[in-house]
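Since the structure comes first, as structure tokens, the remarks are kept for the end.
All values derive from a computational prediction rather than experimental measurement. A, B, ... follow the sequence lines: proteins, then strands. Residue 1 opens every chain.
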Amino acid sequence: MTMASSEKPAPAGRLPAVLLRLLASLERSWPFVAFFVGLFLCWEWSVDLFNIPAYILPKPSEIVAKGWADVPRLVDYFWITGMETFVGYFLAIAVGLPIGLAIAFSPLLRRTIYPFFVSLEMVPKIAFAPLFISWLGFGMLPKVIIVVLVCFFPVALNSIHAFGSLSDELTRFCRSTGAGVWRTFWKVRLPAALPQCFVGFKYAAVNATVGATIAEFIGSDQGLGFYIQIVTGNMRPDLAFAGIFFLTVLGLLLFGLVTLAEHLLIPWHISVRRH
Amino acid sequence: MAATIELRSLAKTYGFGPQAVYAFGPADLTIPSGSFVSLLGPSGCGKSTLLLMIAGLLAPSRGEILVGGKQVSGPRTDIGIMFQDNTLVPWRTVEGNVALQLELRGQKPSAHAGRINELLRSVQLEDFAKRRPHELSGGMQQRAAFCQALVHEPDTLLLDEPLGKLDAMTREGIRADLQTLWMKRKPTVVFVTHSIEEAVQLSSTVCVITPRPGRIECAIDIDLPWPRDLDVKSTPEFTDHVHRIQEIFRDYGVI
Ligand SMILES: Nc1ncnc2c1ncn2[C@@H]1O[C@H](COP(=O)(O)OP(=O)(O)O)[C@@H](O)[C@H]1O
Ligand SMILES: [Mg+2]
């Protein structure tokens with residue numbers, strides 16, 4: 001469709017292709033947009049209707065106006081929390097993926113570290129946050145470590161699962177070709193494992209901002225978590241909501257990045273094809 | 001030329017102690033070079049087990065397999081094998097899946113592009129070379145898997161129910177393809193099936209395998225003329241063979 005329109009000029013009286021595509025995507029997403037707009041309108045009106053004081057629940061219009069005035073500080077903190085989240089997240093992948101790989105291929109590690117990891121999975125990692133902060137202070141390092149801790153297990157456990165579950169048929173097929181370990185790994189095991197790895201990456205992405213935020217709640221002097229805690233203490237829920245909005249943007253950004261990588265790396269997988 | 005395959009008191013038991021499953025054998029069989037041997041038996045009688053042992057992918061519990069007089073002790077790389085579930089990978093196109101066999105063997109697929117195309121053309125998949133497996137019907141997937149098992153030109157083919165999940169019409173078409181290929185190149189084919197008609201139509205020898213633990217009840221030579229098309233199925237010789245095999249399974253209470 002786009003090719004046809006670039007080859008010959010659009011007939012007069014018809015909208016340009018870009019606008020048409022925008023309209024098409026709007027047509028698909030309007031129920032979602034309408035739902036959100038409706039939700040915020042309800043919120044706006046019910047605050048007036050039920051006379052809810054602004055220090056309990058501010059109106060969305062209020063949040064936007066007050067938040068806008070505080071944008072410089074919010075953006076600063078966005079970078080700080082964003083840094084903690086991204087660094088922690090990618091460190092978790094950089095460590096978790098190789099460890100998962102090692103455990104999947106080593107019978108010894110499978111019998112020692114793997115059960116240990118599985119039992120650690122049950123421990124709420126965030127409970128370690130106060131300890132790390134008491135050990136390492138208020139800086140960014142303990143936050144990064146907590147994000148790593150929160151993201152590491154989903155990444156590692158899904159990688160173990162991913163690399164350990166090649167079908168019997170494919171394993172035997174590879175053996176019948178006489179291919180060595182490395183060739184089998186690059187041509188079959190790695191691509192076959194990627195979809196399950198991404199399950200872990202996505203789960204970790206969702207949890208990364210949670211980890212950073214809670215770590216900041218517990219002890220910090222900067223970042224969006226810190227901001228939300230302070231403004232809430234000052235009876236400024238409008239600013240708290242603005243902080244939450246920025247955190248949401250951060251979460252969406254990370255998740256969007258992982259989804260983009262997924263589309264680039266495993267476009268053939270059913271979870272990607274469906275979209 | 002492929003070597004003769006000999007099974008000598010070959011048996012397989014899975015597991016140990018009280019959980020052991022006595023899956024196959026003991027059995028003796030000689031598969032001459034260039035023959036088309038069917039392993040015919042009810043589900044669970046150890047056909048796949050036997051095929052995996054012949055491929056060297058599963059160690060026998062007892063007995064041995066000799067290929068050209070030499071004992072099989074590890075995976076054989078001189079064979080083409082089609083497993084019960086196909087080994088097409090979703091991240092490669094049909095063409096790429098066929099090439100995977102060569103790449104895993106350390107060969108450059110670009111050097112064999114002509115052969116890949118020719119193979120795909122021979123099973124009417126040339127228009128689907130750039131499609132991924134999920135865009136193909138079950139029958140087309142099986143044909144693609146067939147090309148994957150053949151592309152390195154093995155002279156022994158091990159096929160585990162390659163037509164098992166297909167509808168009757170598609171089966172007929174692929175049977176014809178398989179027969180044509182066998183007549184042209186004369187590889188040794190070991191063909192697993194649970195269809196009596198299919199076995200009689202395609203094989204030079206049908207091995208009738210009893211219910212678990214599978215033993216080779218008898219090996220019946222089918223000396224009908226080739227090629228065996230649909231008309232052969234209505235000849236008295238064909239129906240005689242089918243009836244004789246049906247009798248055996250009836251005696252075992254399978255049908
Ligand atoms: N990996 C395995 N572990 C334990 N038992 C198995 C295994 N594979 C097959 N069996 C058993 O061995 C028997 C023969 O299986 P199989 O060779 O797959 O039969 P067929 O291919 O004739 O249907 C079956 O009873 C099955 O349950
Ligand atoms: Mg089977």
Side-chain angles (χ1 to χ4, degrees), chain A residues 3 97 100-101 104-105 107 111 158-159 161-202 258-275, chain B residues 14 48-49 51-59 72-94 96-109 130-135 141 145 148-152 154 156-162:
Chain A
M3 261 182 58
L97 199 60
L101 200 63
F105 288 116
R111 268 178 288 133
N158 277 289
S159 310
H161 185 160
F163 287 104
S165 56
L166 192 67
S167 74
D168 279 348
E169 275 77 23
L170 274 175
T171 311
R172 287 173 177 150
F173 172 62
C174 292
R175 287 180 50 194
S176 81
T177 63
V181 175
W182 282 109
R183 199 178 281 151
T184 304
F185 180 80
W186 287 113
K187 301 250 178 232
V188 178
R189 282 189 186 275
L190 179 65
L194 281 179
Q196 184 68 41
C197 290
F198 267 100
V199 171
F201 296 166
K202 284 177 138 177
V258 179
T259 309
L260 181 70
E262 192 183 30
H263 275 75
L264 291 175
L265 285 173
I266 52 169
W268 47 270
H269 192 249
I270 187 152
S271 68
V272 175
R273 283 193 334 246
R274 278 217 186 98
H275 296 301
Chain B
Y14 287 103
S48 299
T49 302
L51 209 68
L52 289 175
M53 288 193 288
I54 295 177
L57 291 166
L58 191 67
V72 174
S73 56
R76 289 177 61 190
T77 56
D78 59 332
I79 53 166
I81 182 162
M82 247 177 110
F83 298 90
Q84 208 162 347
D85 290 313
N86 73 52
T87 49
L88 302 175
V89 296
W91 59 88
R92 283 179 173 237
T93 61
V94 167
N97 266 290
V98 177
L100 182 61
Q101 172 83 255
L102 299 173
E103 288 176 35
L104 284 169
R105 288 167 184 273
Q107 300 171 19
K108 276 227 158 56
K130 306 271 188 241
R131 300 301 181 102
R132 292 186 197 277
H134 73 94
E135 297 174 281
Q141 287 182 4
Q148 189 188 51
L150 279 180
V151 68
H152 55 302
T156 302
L157 275 178
L158 308 180
L159 310 173
D160 196 349
E161 297 190 34

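In terms of non-hydrogen atom pairs under 4.5 Å with chain A, the most contact-rich of B:I79, B:D85, B:V89, B:D78 is B:D85. The residue among A:T171, A:L170, A:I266 with the most heavy atom pairs within less than 4.5 Å of chain B is A:L170. Of the residues considered (B:M82, B:Q101, B:R132), B:Q101 shows the highest number of contacts with chain A, using heavy-atom pairs under 4.5 Å. If you tally non-hydrogen atom pairs under 4.5 Å between each of A:G178, A:A192, A:P267 and chain B, the highest count goes to A:A192.
Atoms CZ and CH2, on B:R92 and A:W268 in that order, are 11.5 Å from each other to the nearest 0.5 Å. Here the CG-CD distance, from B:L57 to A:E169, works out to 11.0 Å after rounding to the nearest 0.5 Å. Expressed to the nearest 0.5 Å, how far CZ of B:R105 lies from SG of A:C174 amounts to 11.0 Å.
With a threshold of 4.5 angstrom between heavy atoms, B:L102 does not approach chain A through any atom at all. Within the 4.5 angstrom heavy-atom criterion, only side-chain atoms of B:I81, from C-beta onward, approach chain A. Contacts of B:H134 with chain A are made by side-chain atoms alone, with heavy-atom separations under 4.5 Å and no backbone atom involved.
Listed by first then second residue, pairs satisfying side chain to side chain donor-acceptor pair (under 3.5 Å) with a partner in residues 172-195 of chain A read A:K187-B:E103, not counting sequence neighbours.
Chain B is approached within less than 4.5 Å, heavy atom to heavy atom, by no residue from residues 193-201 of chain A.
Between B:L100 and A:F173, the shortest heavy-atom contact is CD2-CE2, 4.0 Å.
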